[in-house]
Every structure is written in C-alpha cells, then in structure tokens.
Amino acid sequence: MKKTICIAGKNEVAVNGLAYVLAHYPDHQIVCLPNATDVGSDTWQPSLRRFCRQNDIREVRLCDLYDVEDLVFVSLEYAEIIDPGRFSSNALFNIHFSLLPKYKGMYTSALPLLNGEVESGVTLHRIERGIDTGDIIAQLSLELGLYDTARDLYFKSMDGAFRLFSSTIQSLISGTFTAVPQSAIGASYFSKAAIDYSRLAISFRKTAFEVHNQFRAYTFREYQMPEYAGWQIARTEITGVKSRMPPGVIVRENAVLFQVSTIDYDILLFKDYYPQFWSAAASGNLDQLNASIENIEDVNLRNGNGWAALAIAAYHGHEDVIARLLAVGANVQVTNYKGTTVLMYAFSHYESSGRMQPFMMLLAHGCDPQARDKAGKSVADYMRERACHDLLHLIDAT
C-alpha cells in the first residue's frame with residue numbers, strides 16, 4: 001500500500017534520512033517538514049529545506065498532515081511538540097538522542113557527559129502526548145570516551161540515529177514493528193532550564209573528574225566554548241597530582257595550559273589558540289600566527305562563520321600569512337559552508353583593493369579555478385559577471 005512518508009527535522013540526520021527514503025521508497029509519496037529556523041542555507045550542518053528544494057521534495061506544514069490517514073511521520077530532530085490527537089494516522093515516530101527512559105527532554109549531548117556517563121544512545125519510539133515518553137521500538141547504544149565532548153556526542157548520536165532509522169524504516173512503513181512501554185525506573189527528564197548557556201560557570205569545588213566533565217559537556221565550538229581566566233579552554237586532562245591548594249587555585253600557568261586545583265586532583269586546562277589563530281590571519285600578524293600554529297592541531301579548522309584561516313588571509317590579502325599557511329599544509333581547496341573557495345575570497349580582495357598578488361599566489365599553488373560553490377558558480381563565472389578581464393586571462397592561461 002502506498003504511504004505518505006514525512007521526514008521532519010534538521011541537520012545531517014534528517015537530510016540523510018530523507019535521502020534514504022528517496023533512494024529506497026520511490027513508489028511512496030515523500031514529503032518533508034523542516035524546522036522553522038531552517039532558512040534554506042547550509043551552515044555547519046546541511047539544510048533540510050535546501051535539500052528538499054534541490055530534489056523537488058514537497059515541503060509541508062504540520063497542519064497539512066493532520067488528515068493524512070496513510071501517513072508515516074518520522075521526527076529526526078524536529079523541534080516542535082507533536083500533538084498526536086490531531087492526526088488521523090497513529091504512525092508517528094521520533095528518534096530521541098538518549099537511551100530512554102533516561103534523559104528525556106533537552107541537552108542530550110551535554111547532560112550525559114556532565115553526569116559522567118560511559119554510555120549514551122539513541123531511541124526510536126512512538127510519539128505520544130508526553131515528552132519522549134512513547135513506547136520504545138528500538139535502541140542503539142553509543143560508547144562515551146573519557147575525552148568525548150558534547151560536539152562529539154552529538155555527531156555520534158546523529159550517526160547512530162541514521163543507522164537506527166535505516167534499519168527500522170521498513171517496519172515502520174509496513175507496521176510490523178513491536179513497541180514496549182518505557183520503564184518508570186531509571187527515568188529522568190530535563191527541561192530547558194536545566195542548563196543556562198548564557199551564564200555558564202565552571203565549579204572547581206568538585207572532583208577533578210567532575211570538573212573535567214563540566215568542560216567537555218560545554219564544549220561545542222559552533223555554539224560555545226568553556227572559558228577560564230580569560231581563555232577559551234580547548235580540552236582538559238586529569239593529573240595524578242593530589243591537590244594541595246584550595247579548589248580553583250592556579251598552581252601553575254604557561255603558554256599552553258593552566259594547572260588548577262580541585263577537591264582531589266589537579267587538572268590541566270589547555271588554552272584554545274584558535275581564536276588567536278583566526279584573528280592573526282585576519283590582521284596579518286605573522287608572529288601571532290606562528291605562535292598559534294604551535295598550539296593547534298588543524299590549520300584547516302573553520303571558524304563559526306565557516307572560514308578557514310587560508311580563506312581569511314586571502315580575503316584580507318595577507319600574502320606572508322598565505323605563504324606561511326601553505327607551508328604548514330593548509331588545504332588550498334578548502335571552502336566555507338556555502339562552497340565559497342579560497343580563490344573567490346582572493347577575488348573579493350582584488351575587487352576591494354585592486355591587488356591581484358594573493359589571487360596569483362593561490363592560483364600558482366593549485367587552487368582549482370573551476371571549483372563551483374553551492375550556487376553552481378566558479379570564480380571565473382563571478383569574474384565574467386563583473387567584467388573582470390584582468391584576472392580571467394590568468395585563469396585561461398593555467
């Protein structure tokens with residue numbers, strides 16, 4: 001029987017879920033329901049709305065689904081509360097990022113770490129009136145490492161959710177699944193008030209393990225990084241040194257880290273040099289750039305706007321910074337979230353300054369002038385639009 005399959009939600013997990021049903025269930029009617037905050041452009045995560053438009057998938061409103069009797073509705077990070085009583089269909093499902101009945105509600109990438117869990121998971125359950133209280137259909141466990149951050153757990157959860165989705169969607173469509181009620185024992189729920197991200201504070205009147213868990217639970221670079229003594233903290237490490245100073249006292253500090261006392265053992269807080277690194281690429285401060293390079297792991301890491309240091313330097317036209325970044329392995333093909341290439345950034349610098357040297361340098365180092373952004377255009381296309389023949393002949397000569 002032909003069904004109407006609706007994938008609702010956001011980010012990679014929803015995009016992958018929708019792509020899966022498109023590939024495996026082409027005979028069914030497939031629609032999508034992006035979150036209201038999805039503006040149709042990729043950011044650090046792909047946009048479900050953009051994917052739908054690219055693939056001619058009909059976008060619906062929630063109210064459009066109420067009277068669809070053959071509906072199979074799957075929430076993959078959908079943000080709104082669903083009232084099942086308004087639907088004609090009872091095939092309403094959600095994949096929640098925890099091992100229910102634990103961690104119903106909010107902050108499922110932070111709270112398990114904050115509480116020192118060694119395991120998390122994802123749960124496919126029926127949608128009912130309560131928040132994440134529906135009968136459980138399937139679960140997948142995820143191991144948590146001691147140094148996993150909230151960002152790490154979120155990506156693990158998205159991967160696990162897609163694996164769970166792809167292995168169960170046939171049973172959801174056919175109605176052959178079984179579901180069991182959640183246990184009341186071990187259940188927990190957390191509302192939006194559980195963590196105030198506008199006022200994050202680290203308490204050192206805790207064990208080193210608890211302090212370590214606070215830092216990693218709040219580490220999600222696209223949203224926030226935990227701070228200490230004026231520095232963002234990249235990571236922490238528990239030492240075997242018993243604390244002899246009151247909790248929160250800096251035992252020692254150097255260019256790389258703080259050593260801080262806790263209730264039991266000292267903990268190392270490693271300074272995050274990426275903000276300085278990106279700032280140096282923008283300002284052309286080569287000394288600051290070199291000092292930062294010694295204390296970072298990935299010169300291609302993109303900032304919150306999706307710009308890698310090489311793109312930042314190209315946009316501002318700092319040839320010495322570009323040369324240094326290329327010397328330490330910067331990827332000349334790196335793009336931002338919209339596919340904007342390094343050559344496009346260098347072209348923007350040319351337009352504002354008239355200087356073509358950064359563009360020529362990057363072209364000579366193998367930047368691909370034919371690479372297209374997500375609008376389907378190459379740097380040459382933008383040059384033709386702007387009648388910029390001075391640089392076009394350089395591309396034609398390569």
Side-chain angles (χ1 to χ4, degrees), residues 7-14 17 33-38 45 48 62 73-87 92-144 148-162 164-165 179-201 203 210 213-220 222-224 226:
I7 302 299
K10 67 176 182 178
N11 293 353
E12 182 180 287
V13 63
L33 177 57
N35 285 346
T37 54
D38 188 335
Q45 282 289 295
L48 179 62
L62 196 59
F73 178 93
V74 184
S75 166
L76 297 172
E77 291 275 82
Y78 187 61
E80 290 189 35
I81 300 296
I82 303 298
D83 180 0
R86 306 187 73 173
F87 287 80
L92 311 175
F93 310 99
N94 177 53
I95 295 186
H96 182 66
F97 286 8
S98 82
L99 285 177
L100 293 173
K102 298 177 70 172
Y103 297 106
K104 296 176 175 70
M106 301 287 290
Y107 310 132
T108 55
S109 294
L111 289 166
L113 302 180
L114 201 59
N115 293 330
E117 303 280 8
V118 297
E119 179 187 49
S120 186
V122 290
T123 303
L124 170 64
H125 66 92
R126 303 197 75 149
I127 295 176
E128 61 176 41
R129 291 186 183 276
I131 298 176
D132 304 320
T133 57
D135 292 354
I136 293 174
I137 298 167
Q139 292 186 303
L140 181 67
S141 296
L142 302 170
E143 182 180 352
L144 295 181
D148 281 345
T149 66
R151 189 181 192 275
D152 296 327
L153 177 51
Y154 183 70
F155 276 87
K156 284 186 176 184
S157 297
M158 283 201 297
D159 176 70
F162 175 71
L164 191 61
F165 171 84
V180 296
Q182 294 187 34
S183 172
I185 307 303
S188 57
Y189 163 75
F190 297 90
S191 71
K192 191 174 182 179
I195 300 176
D196 185 352
Y197 281 96
S198 68
R199 301 176 61 186
L200 285 180
S203 171
E210 292 173 306
N213 289 340
Q214 290 177 77
F215 276 99
R216 66 194 185 115
Y218 302 146
T219 296
F220 204 127
E222 285 79 7
Y223 293 110
Q224 78 283 315

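- The aromatic rings of Y197 and Y107 stand perpendicular to each other, their planes meeting at an angle above 60°, with 30° marking the opposite boundary.
- The backbone N or O of D132 lies less than 3.5 Å from a partner atom in the side chain of Q182, making a donor-acceptor pair.
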*Mind running side chain to side chain contact (heavy atoms under 4.5 Å, CB included) on L113 and N213 for me, showing each step along the way?*
CA-CA 6 Å; L113 302 180; N213 289 340; 5.6 Å; no
_Intermediate values then yes/no, side chain to side chain contact (heavy atoms under 4.5 Å, CB included), F155 and T149_ = CA-CA 10 Å; F155 276 87; T149 66; over 6 Å; no
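- Of the inter-residue distances, the one linking L153 atom CG with S109 atom OG reads 4.5 Å to the nearest 0.5 angstrom.
- Within the 4.5 Å cutoff, side-chain heavy atoms of F97 are placed close to those of Y154.
- With D135 contributing its side chain and A179 its backbone, the two residues share no donor-acceptor pair below 3.5 Å.
- The backbone N or O of T108 lies less than 3.5 Å from no partner atom in the side chain of H96, so there is not a single donor-acceptor pair.
- Taking CE of M158 as the start and CG of L76 as the end, the distance is 11.5 Å to the nearest 0.5 Å.
- In this structure, NZ in K10 is found 11.5 Å from CG in L48, a value given to the nearest 0.5 Å.
- In this structure, V13 and A161 approach most closely via the heavy-atom pair CG2-CB, 3.7 Å.
- In terms of modelled atom types and a separation under 3.5 Å, the side chain of Q224 and the main chain of Y218 share a donor-acceptor contact.
- Proximity of a side-chain donor or acceptor of D83 to a complementary backbone N or O of G85 within less than 3.5 Å is detected.
- Counting heavy atoms from C-beta on, the side chains of L114 and Q214 come closer than 4.5 Å.
- Nearest heavy-atom pair, L62 versus L33, reported as atom, atom and distance to 0.1 Å: CD1-CD2, 3.6 Å.
- Residues P112 and L144 share a closest heavy-atom pair of CB-CD1, 4.3 Å.
- Considering CG of L142 and CG of D152, their distance stands at 12.0 Å, rounded to 0.5 Å.
- Considering every non-hydrogen atom in both G134 and H125, the closest pair reads O-CB, 3.6 Å.
- The OG atom of S183 lies 11.5 Å from the CG atom of L100; values are rounded to the nearest 0.5 Å.
- The closest donor-acceptor contact from the side chain of K104 to the backbone of S98 lies at 3.5 Å or more, if one exists at all.
- Under the 4.5 Å side-chain criterion, counting only non-hydrogen atoms from C-beta, P226 is not in contact with L200.
- By the salt bridge (charged side-chain N to carboxylate O under 4.0 Å, His left out) test, E80 is found to be paired with no residue, residues two or more places apart in sequence or in another chain being considered.
- At a threshold of 4.5 Å between non-hydrogen side-chain atoms, the residues I7 and V74 count as touching.
- R216 places a side-chain N or O within 3.5 Å of a backbone atom of D148 that can act as its donor or acceptor partner.
- The ring-ring contact (aromatic ring centres under 6.0 Å, His included) test applied to F73 returns no partner, not counting sequence neighbours.
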*Between F165 and F93, does a ring-ring contact (aromatic ring centres under 6.0 Å, His included) hold up when you go through it step by step?*
CA-CA 10 Å; F165 171 84; F93 310 99; over 10 Å; no
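- A distance of 12.5 Å separates CD1 of I82 from CZ of R129, quoted to the nearest 0.5 Å.
- Closest non-hydrogen pair, S120 versus L99, comes out as O-CD1, 3.3 Å.
- Side-chain atoms of Q45 come within 3.5 Å of backbone atoms of E12 as a donor-acceptor pair (strictly under, hydrogens ignored).
- Judged by distance alone, with hydrogens and angles left aside, the side-chain atoms of N94 form no donor-acceptor pair with the main-chain N or O of I127 at under 3.5 Å.
- The backbone N or O of Q139 lies less than 3.5 Å from no partner atom in the side chain of T123, so there is not a single donor-acceptor pair.
- Contact record, I195 with A110: CD1-CB, 4.0 Å, taken as the closest heavy-atom pair.
- By the salt bridge (charged side-chain N to carboxylate O under 4.0 Å, His left out) test, D159 is found to be paired with R163, residues two or more places apart in sequence or in another chain being considered.
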